Amino acid sequence: MATDTAAPSAPEPGYVRPEVDVPALKALLDGRYAEVRDLVRTNLVDYASILEEAEELSVDDYRERVREILVEMAATGQTGMGFPEEYGGGGDLGASIAAFETLAYGDLSVLVKAGVQFGLFGGAILQLGTERHHEAYLSDLIAGRLMGCFAMTETGHGSNVQALGTVATYDASTQEFVVTTTREDAVKDYIGNAAKHADVAVVFAQLEVGGESQGVHAFVVPIRDGGEPCPGVHLEDDGRKMGLNGVDNGRIRFEGVRVPRTALLNRFADVTPEGVYESSIENPNRRFFTMLGTLVQGRVCVGGGGINAAKVALAIATRYAVRRRQFEATSKDQEELLLDYGLHQRRLLPLIARTYALHFAQEAVALQLHDIFSGTQAPGEEDDQRRRELESRAAGTKALGTWHATRTIQECREACGGAGYLSVNRFAALKADTDVFTTFEGDNHVLMQLVAKGLLTDYASDFEDLDQLGTVRFVTGLAVETVIEKTSVHKLLERVRDLLPGGDEWDQEAGLLDPDYQLAMLRFREEHMLGGVARRLKRGIDQGMNPGAVFSRVQDHVIAAANAHVERLVLEAFVAKTRELDDGDLKVALNLLCDLFALSTIEADRAWFMEHGRLTVPRSKAISREIGGLCRKIRPLAVDLVDAWAVPPEMLRSPDLVG
Ligand SMILES: Cc1cc2nc3c(=O)[nH]c(=O)nc-3n(C[C@H](O)[C@H](O)[C@H](O)COP(=O)(O)OP(=O)(O)OC[C@H]3O[C@@H](n4cnc5c(N)ncnc54)[C@H](O)[C@@H]3O)c2cc1C
């Protein structure tokens with residue numbers, strides 16, 4: 001520990017700051033996949049020139065360069081870690097997520113192209129296909145010899161996948177499926193790898209057998225041969241995008257394209273040669289959600305990618321803030337460092353704290369995914385509740401992580417002033433490339449509604465069987481009493497009273513820095529909001545309103561409840577992590593960050609807490625004061641805290657900003 005003398009927004013006299021052991025903190029953050037993350041860091045440095053090339057190359061050349069890098073990285077084993085070893089993979093899903101997250105320190109077109117090729121295309125073959133598909137494709141796609149795409153979204157439908165208009169009709173006479181784009185808005189759109197590089201697509205289409213529709217299924221469809229479109233396949237380039245221009249996104253239209261019966265990815269359903277549809281999952285909705293559920297890894301990866309992109313921005317802005325001086329504030333001899341200003345601390349340090357919090361929440365969801373998917377049972381046979389909780393948690397963490405990236409990158413750009421606007425300082429690419437993370441792999445607002453629906457139905461076993469309207473009816477009708485019962489504020493308060501000394505006055509007496517108090521506040525908000533949503537839904541139904549209309553009216557409330565839930569999970573992950581540490585400076589430092597995250601989360605919603613009687617005016621002011629104090633204590637640690645993320649200096653670029 002060391003006494004600190006920074007000025008003008010310095011810690012109170014006598015404050016003894018903890019020493020941050022950066023390698024020890026890096027080891028803690030990298031966790032069990034430290035080696036994997038270091039391999040990716042090394043690879044990133046080897047290809048550091050891509051950051052500059054991205055600004056100079058034509059779109060065509062940039063795309064080619066990104067492809068080249070991807071194939072070369074594949075040879076290091078970095079991109080195939082989640083695939084079975086017998087096909088040349090690493091056999092470790094958790095490792096593949098760690099690798100992907102770390103790749104987000106570099107050029108994000110490389111990241112997203114890797115996500116498309118190995119996560120989406122490869123993931124669909126692995127998770128939805130069976131041995132014959134694995135044998136046919138995995139080795140080649142893992143090595144980057146076979147490039148593919150994941151063609152789910154259509155111009156007309158992105159979020160509502162069940163409404164897709166591409167149809168695959170079984171022709172028993174030839175034992176083939178005929179894939180057709182049935183209408184103009186059923187063209188596959190925004191598909192990564194489709195404009196240039198993919199030879200094969202995993203196509204999501206409505207399966208029709210014997211004149212009957214069986215819902216959306218996935219098929220392997222060749223789309224290029226020798227660089228030219230296959231017969232009946234029409235390909236178009238989506239053109240220049242806001243960012244990620246190293247990825248070739250495109251449109252695909254199918255005109256009676258014939259593929260063999262074996263092209264159906266048949267892990268969950270199959271069609272016999274004679275044309276009989278068979279599935280072990282009887283209910284079509286349940287089948288559909290089971291299939292989609294196996295693709296949850298993509299969502300987890302994008303969330304982690306967003307969080308790590310935020311780290312890059314914060315590392316640059318923090319380092320700049322301890323070099324850049326503006327105005328004499330405390331003495332005429334020297335201007336002040338930006339990070340010594342209270343305002344600058346207030347802008348950057350809570351974002352660092354939230355990034356740490358999200359890092360640990362992401363670690364928890366990645367671990368959960370690894371454990372569930374590495375089990376020997378097929379996902380369909382597992383504990384359904386655990387799987388649904390994972391999907392909900394993945395959706396929520398993805399939404400919060402990617403929104404955090406967008407917000408953080410903007411704040412950091414501004415915190416670097418005019419210098420932040422120069423492309424060499426990375427923010428231009430970071431902003432443009434991460435923007436769409438809030439949309440792909442599930443639009444964040446749609447995902448947060450899924451989170452809330454899971455909570456409202458308590459992951460009811462038949463929840464997945466319900467279509468959208470059915471879900472609304474379920475939530476608004478049957479389940480509403482249960483929800484209110486479960487989320488009863490009275491019950492919650494009893495729990496909180498048990499937890500904290502001070503009885504009814506718990507919110508007045510408990511120490512602001514007591515994690516039990518902080519958690520109780522976030523739990524109260526979550527459960528109160530959820531109860532409120534349930535009551536409003538019930539009231540609407542009781543008044544005879546259409547269930548869909550009732551749900552629509554309360555959507556803002558639904559999203560707020562989901563946000564409250566996910567923020568509570570994030571805080572729990574952070575508190576759990578700090579509790580497991582041995583006493584010492586590292587624990588002290590992380591506790592400061594955890595307090596800052598918790599209190600700034602409460603502060604951000606203080607109007608709500610005050611409206612609901614959980615925060616008095618003096619208490620609310622005390623929280624703001626405490627946040628200021630925490631920022632002053634963390635300020636001397638800030639550079640160490642961002643250094644522990646170990647973003648390679650070559651990835652920070654910014655020669656004039658970071659030194
Ligand atoms: C760069 C890029 C790469 C992509 N790569 C791929 C790929 O490789 N493969 C692939 O299949 N797809 C890909 N996509 C598509 C992407 O997954 C979709 O864009 C995404 O799922 C959102 O769908 P949408 O664009 O139709 O938006 P919409 O679903 O139309 O949403 C538009 C807006 O409406 C809101 N909204 C939608 N439904 C509701 C509701 N019920 N209540 C309230 N609000 C609602 C949403 O929040 C959103 O703000 C990519 C997209 C982009 C931009």
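Residues: numbered from 1 along the sequence shown. The structure presented is a predicted model; accordingly, all values stated were derived computationally and were not measured. Each ligand, and each atom within it, is numbered from 1 in the order the structure gives.
Remark: of the listed residues Arg67, Arg63, Gln117, Gln117 is the sole one forming a side chain to side chain contact (heavy atoms under 4.5 Å, CB included) with Asn193.
You'll find the ring centres of Phe440 and Phe437 inside the 6.0 Å limit. The aromatic ring centres of Tyr421 and Phe427 sit 6.0 Å or more apart.
Neither the backbone nor the side chain of Lys188 has a heavy atom within less than 4.0 Å of ligand 1. Only the side chain of Asp443 comes within contact range of ligand 1, with a heavy atom under 4.0 Å; no backbone atom does. When heavy-atom distances to ligand 1 are checked against a 4.0 Å cut-off, Val112 has no atom that comes that close, whether in backbone or side chain.
For Asp542, the salt bridge (charged side-chain N to carboxylate O under 4.0 Å, His left out) partners at least two apart in sequence or on another chain are Lys538.
Nearest residue to atom 43 (C) of ligand 1 from His445, Gln555, Gln117 is Gln555 (criterion: closest heavy atom). For atom 37 (C) of ligand 1, the candidate residues are Val446, Asp189, Thr155; the nearest heavy-atom contact is made by Val446. When the heavy atoms of Ser159, Gly156, Gly119, Gly243 are ranked by distance to atom 27 (O) of ligand 1, first place goes to Ser159. Taking each of Ala198, Gly442, Ser552, Gly192 in turn, the one with a heavy atom nearest to atom 8 (O) of ligand 1 proves to be Gly192. With atom 10 (C) of ligand 1 as the reference point, the heavy atom nearest to it among Val116, Thr438, Thr153 is part of Thr153. Across the listed options Met242, Glu441, Met448, Gln449, Gln449 owns the non-hydrogen atom lying nearest to atom 44 (N) of ligand 1. Among Gly115, Cys149, Gly158, the residue whose heavy atom sits closest to atom 26 (O) of ligand 1 is Gly158.
With His134 contributing its side chain and Ile125 its backbone, the two residues share a donor-acceptor pair below 3.5 Å.
Using modelled atom types and a 3.5 Å distance limit, the side chains of Glu101 and Asn308 yield no donor-acceptor pair. Under 3.5 Å, the side chains of Asn266 and Thr130 contain a donor-acceptor pair of N or O atoms.
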Full working for salt bridge (charged side-chain N to carboxylate O under 4.0 Å, His left out) between Arg393 and Glu389: CA-CA 6 Å; Arg393 205 178 173 124; Glu389 280 175 13; over 6 Å; no
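Using a 4.0 Å cut-off between charged side-chain N and carboxylate O, Arg65 and Glu68 make a salt bridge.
For the ligand labelled ligand 1, residue Thr439 lies inside the 4.0 Å heavy-atom shell.
Heavy-atom contacts of Met152 reach the following atoms of ligand 1: 11 (O) (cutoff under 4.0 Å).
For ligand 1, none of its N or O atoms has an N or O atom of Ile191 under 3.5 Å away.
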